[in-house]
Amino acid sequence: MKLELRRPHRWDLAPYEAQQIQRELAKEVVCADASDEIHWIAGIVIGHSRFDDRIQVAVALLSFPELLLSEQVVSEYRTRFPFVPDLLSFREIPAILQALAELTRLPDLLLVDGPGIAHPKGLGIASHLGVVLELPAIGCSKCNTVGSFVQPEVNAGSITSLVWQGEIIGTVYRSKNRVAPLFISAGHRIDRDNATRIVRESCQGYRLPEPIRIASSLLNEAKQTAREAAVATDP
DNA sequence: GCGACAG
DNA sequence: ATCTTGTCGC
């Protein structure tokens, strides 16, 4: 499937160019619910390393609210953008676009393993992707990147607010009893309450919401087989 | 036994 | 940050 980008983009950016683009894109993030009907959610997980220019991406396309797996993609991309704090999304974006292009249908919502607006510059990977593709997006991270919060109660379903610079930028959500909470923030074209609700409705007794959980295991599987192949050729 | 998580 | 392995709690 051919992806429609909101405007022409190039990816051979220098970091100073990326900073400027980041400021522009951050202004375009919409944190209101577009009320689009959500039928297909793409869970997106990115595997990246500080010292490696290979970026792996796993995408799991699930129906919603049934949460049945429809399509899956794992792909690898050689990025040209260096590892710069706060600009990680510029390293990962082209890799994700390449992976998403392999889907046969366009998702209604991107559920990304990473921050949305809960990011030092207000443009985490989920927001960046959402704006570039003009699609609703949610950031759902396993750890906090920015802001302060009080721990939600230990029972599943408890939530508290993630606050930064006097603003509520996200939700800290206990998806399962006695496990570390998730950090949910709007990515694009969604508000905090709906982002939280959709993540909640996507959790099936595991810590991670199904689309991300499945994409994570796909990524792990792919890395495992890659390692086995490497060992076989170079014992 | 499975999932979370240490480090 | 990632991956492997072991341990713990449910």
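Proteins get letters first, then strands, A, B, ... in listed order; numbering begins at 1 in each.
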Starting from the C-alpha separation in whole Å, work towards a yes-or-no answer on side-chain contact (heavy atoms from CB on, under 4.5 Å) for I190(A) and I198(A). CA-CA 10 Å; I190(A) 196 154; I198(A) 288 169; 3.8 Å; yes

Polar atoms only, N or O, under 3.5 Å: list the protein pairs with nucleotides 4-10 of chain C and their distances.
residue, atom, partner, partner atom, Å
dT4(C), OP1, R227(A), NE, 2.1
dT4(C), OP1, R227(A), NH1, 3.3
dT4(C), OP1, R227(A), NH2, 2.2
dT4(C), OP2, R227(A), NH2, 2.7

side-chain contact (heavy atoms from CB on, under 4.5 Å) between W40(A) and S63(A): does it pass, once the steps are laid out? CA-CA 5 Å; W40(A) 299 102; S63(A) 61; 3.8 Å; yes

What is the distance, to the nearest angstrom, from the [atom1] atom on [X] to the [atom2] atom on [N]?
| X | N | atom1 | atom2 | answer |
| --- | --- | --- | --- | --- |
| D53(A) | dA1(C) | CG | P | 18 Å |
| K142(A) | dC3(C) | NZ | C1' | 14 Å |
| N177(A) | dC5(B) | CG | P | 13 Å |
| E221(A) | dC3(C) | CD | C1' | 16 Å |

Please say whether more than 12 non-hydrogen atoms of neighbouring residues, nucleotides or ligands are located less than 6.0 Å from CD in E167(A). no

Would you say CD of E4(A) has more than 12 non-hydrogen atoms from neighbouring residues, nucleotides or ligands within 6.0 angstrom?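 It does not: E4(A) CD has 12 such atoms or fewer within range.
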
As an exercise, state the distance from CD1 of I214(A) to CD of E210(A), rounded to the nearest 0.5 Å.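 With rounding to 0.5 Å, CD1 (I214(A)) is 5.0 Å from CD (E210(A)).
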
With rounding to the nearest 0.5 Å, note down the distance linking CG in L62(A) to CD1 in I41(A).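 Interatomic distance, L62(A) CG to I41(A) CD1, rounded to 0.5 Å: 7.5 Å.
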
Short side-chain N/O contact from H48(A) to OP1 or OP2 of dA1(C), under 4.0 Å: no

So, the side chain of N144(A) versus the backbone of G147(A): is there a donor-acceptor pair under 3.5 Å, distance only?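 Side chain of N144(A) to backbone of G147(A), a donor-acceptor pair under 3.5 Å: yes, one is there.
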
Report each atom pair, protein N/O against N/O of nucleotides 1-3 of chain B, whose distance is under 3.5 angstrom.
residue, atom, partner, partner atom, Å
dG3(B), OP1, Y206(A), OH, 3.3

Does a donor on one side chain sit under 3.5 Å from an acceptor on the other, for T171(A) and R192(A)?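 R192(A) and T171(A) do have a side-chain donor-acceptor pair below 3.5 Å.
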
